[in-house]
Amino acid sequence: MARLVMKFGGTSVADVERIRNVAAHVKREVDAGHEVAVVVSAMAGTTNQLVSWARETAPLHDAREYDTIVASGEQVTIALLSIELQRIGIPARSWLGWQIPIRTDSAHGAARIREIDGSELVTRLSRGEVAVIAGFQGLGPDNRITTLGRGGSDTSAVAIAAAIGADLCDIYTDVDGVYTTDPRIVAKARKLDKISYEEMLEMASLGAKVLQTRSVELAMVHRVRLQVRSSFDTPDAPHAAYGAGSDGPGTLVCDEDEIVEQQVVSGIAYSKDEAKVTLVKVEDKPGVAARIFGPLADNSINVDMIIQNVSDDGKSTDMTFTVPQAELARAEDVIRKAQAEIGCKEVKTDTNVIKVSVIGIGMRSHAGVAATAFKALSEKGINIRAITTSEIKISILIDGPYAELAVRTLHSVYGLDKQ
Ligand code: ADP
Ligand code: ASP
Ligand code: MG
């Protein structure tokens, strides 16, 4: 007997027919004698609709009310799934975040889970009741509903798995695993059998939205075994059941020691959520970087890439940096207020840029990975605007229109294309 968390995303619960299919996946595991907690998202498109209603009512609104609105989508799907499970003879009940409770901090719209009391869930699971839990939501310190940021149901699932000591957390979605890059962009992308927590963390934070970044962080810290798999697989296929064989149906996110054949590069990610800010003719003297980045940090603006050009005359230079698009307006405001003190001529911004990243643990021990990327991009005439690297990744900022070409080029230059 195992204890399982099964998480189903928006497309997997998009309508009543899809919900019946989810119930069939759950039934398979219950019939095999396992204890099952299910975490579900809102129906596909619902959260977007709720967000747009909030914005339409008032672009700047109370974040607590925003959370109350957007958390409602999951309330519908937990109850529908519970009803369907009961209909097919499986004892089940729905749980909202506050009923467990899933306690979070007070950062409405992007709350972090602080603690989950899993004791009541464990008692009920052991009696054979399936717990159907609303993803994406929690309860803040002031007893208000919070949400965990877009895609947050993945994080709910991993946190529940850690709290109840689950043997496996299965993330059912609309693709059958984690691929070497987004399979919707590159048809030649290959499914990975396994990926290390570290690489998955980089992939997610650099744009691969198949898992929310925070869910991978939590899985890594609590050593939760995490599998990404498809809800579109036939529920009674022989390989579908838990423990059906050593090779699961999806991609296992696990410790790097478990991966026998380690590639130098495991994947390519991209993010369109970048904005570039250039300060033209900044005085080239000590302390200028501090005067630019100090106020940005004071305003909690996340600066990612930074490049300072060499000055021709020794007096002035251009300074470029990137921030998430959502923070551009604030960043621009902060810089303009400090412009006189920084001593720069002009501030330019550009949102038509994308960040492409090459990720692989093998980079720790292999030289020349970055050079390969630069050469391949230059051969396609793609200009590099900024670069950042870490031990296991290289990120390159390029102009927006080259996004797909760059991803495809890098994917094939590192030998990731499906044969
Ligand atoms: P869900 O609604 O189930 O949470 P998401 O839309 O959040 O599903 O995530 C699944 C999507 O992630 C896929 O449809 C795919 O387009 C995208 N994706 C991006 N990068 C990758 C990748 N490297 N491997 C697999 N899927 C990826
Ligand atoms: N329904 C939420 C969203 O669309 C949470 C999730 O799907 O993970 O962002
Ligand atoms: Mg998702």
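Both ligands and their constituent atoms are indexed starting at 1 by order of listing.
Remark: the backbone N or O of Thr322 is not paired with any side-chain donor or acceptor of Glu274 at under 3.5 angstrom. Between the side chain of Lys194 and the main chain of Glu258, a donor-acceptor pair closer than 3.5 Å is present. Using a distance-only test at 3.5 Å, with no hydrogens or angles considered, no donor-acceptor pair links the side chain of Ser215 to the main chain of Thr155. Under a 3.5 Å cut-off, the side chain of Arg28 and the backbone N or O of Pro235 do form a donor-acceptor pair. Between the side chain of Tyr414 and the backbone N or O of Ala373, at least one donor-acceptor pair lies under 3.5 Å.
Residue contacts with ligand 1 for Pro183 involve side-chain atoms from C-beta outward but no N, CA, C or O (heavy atoms, distance under 4.0 Å). Under 4.0 Å from ligand 1, not a single heavy atom of Ile171 appears. For Thr173, heavy-atom contacts with ligand 1 shorter than 4.0 Å involve the backbone as well as the side chain. Under 4.0 angstrom from ligand 1, the non-hydrogen atoms of Lys209 come from both its backbone and its side chain.
Side chains of Leu168 and Gln227 form a contact here, defined as non-hydrogen atoms less than 4.5 Å apart. In this structure the side chain of Asp167 never reaches within 4.5 angstrom of the side chain of Arg225, judged on heavy atoms.
Within the structure, ligand 2 lacks Gly9 among the residues with a heavy atom less than 4.0 angstrom away. Put simply, no part of Gln212 is less than 4.0 Å from ligand 2, judged by heavy atoms. At a 4.0 Å cut-off, at least one heavy atom of Gly151 sits close enough to ligand 2 to count as contact. Residue contacts with ligand 1 include Met203, since one of its heavy atoms falls under 4.0 Å from the ligand.
From the protein, the heavy atom lying nearest to atom 7 (O) of ligand 2 is Ser41 OG, 3.1 Å. For atom 4 (O) of ligand 2, the nearest non-hydrogen atom of the protein is Arg150 NH2, 2.9 Å. With respect to atom 4 (O) of ligand 1, the closest heavy atom belonging to the protein is Lys7 NZ, 3.3 Å. Looking at atom 6 (C) of ligand 2, its nearest protein heavy atom turns out to be Ser153 OG, 3.3 Å. When hydrogens are left out, the protein atom nearest atom 15 (C) of ligand 1 is Asp182 OD1, 3.5 Å; that is the closest non-hydrogen contact. Of all protein heavy atoms, the one lying nearest to atom 27 (C) of ligand 1 is Val210 CB, 3.7 Å.
Considering backbone and side-chain atoms alike, Thr180 places every N or O at 3.5 Å or more from each N or O of ligand 1. At under 3.5 Å, a nitrogen or oxygen of Tyr179, whether backbone or side chain, sits near a nitrogen or oxygen of ligand 1. Backbone and side-chain nitrogen or oxygen atoms of Gly10 are examined, and one is located within less than 3.5 angstrom of a nitrogen or oxygen of ligand 1. Checking only distances, Ser12 never comes within under 3.5 Å of ligand 1, N or O to N or O.
Each of Lys188, Lys191, His411 was scored for a side-chain hydrogen bond (donor to acceptor under 3.5 Å, both in side chains) with Thr180, with one residue passing: His411.
The closest heavy-atom contact to atom 14 (O) of ligand 1, among the options Ile185, Asp174, Leu192, comes from Asp174. The heavy atom nearest to atom 25 (C) of ligand 1, considering only Gly177, Ala208, Gly207, is found in Gly177.
Salt bridge absent: Glu198 and Arg364 never bring a charged side-chain N and a carboxylate O closer than 4.0 Å. Between Arg385 and Asp399, at least one side-chain N (NZ, or NE/NH1/NH2) sits under 4.0 Å from a carboxylate O, which counts as a salt bridge.
Taking all atoms of both residues into account, the shortest heavy-atom contact from Ser156 to Val39 is CB-CG1, 4.1 Å.
The aromatic rings of His25 and Phe8 sit tilted relative to each other, their planes meeting at an angle between 30° and 60°.
Of all the atoms in ligand 1, the ones that sit under 4.0 Å from a non-hydrogen atom of Val178 are 24 (N). Those atoms of ligand 1 that come under 4.0 Å of a heavy atom in Arg184, given as number and element, are 13 (C), 14 (O), 15 (C), 16 (O). Atom numbering of ligand 2 starts at 1 in the shown order; those under 4.0 Å from a heavy atom of Glu74 are 1 (N), 2 (C), 5 (C).
In Lys27, the NZ atom is not crowded: 12 or fewer heavy atoms of neighbouring residues, nucleotides or ligands sit closer than 6.0 Å.
Side-chain N/O atoms of Ser271 and Asp273 include no donor and acceptor closer than 3.5 Å.
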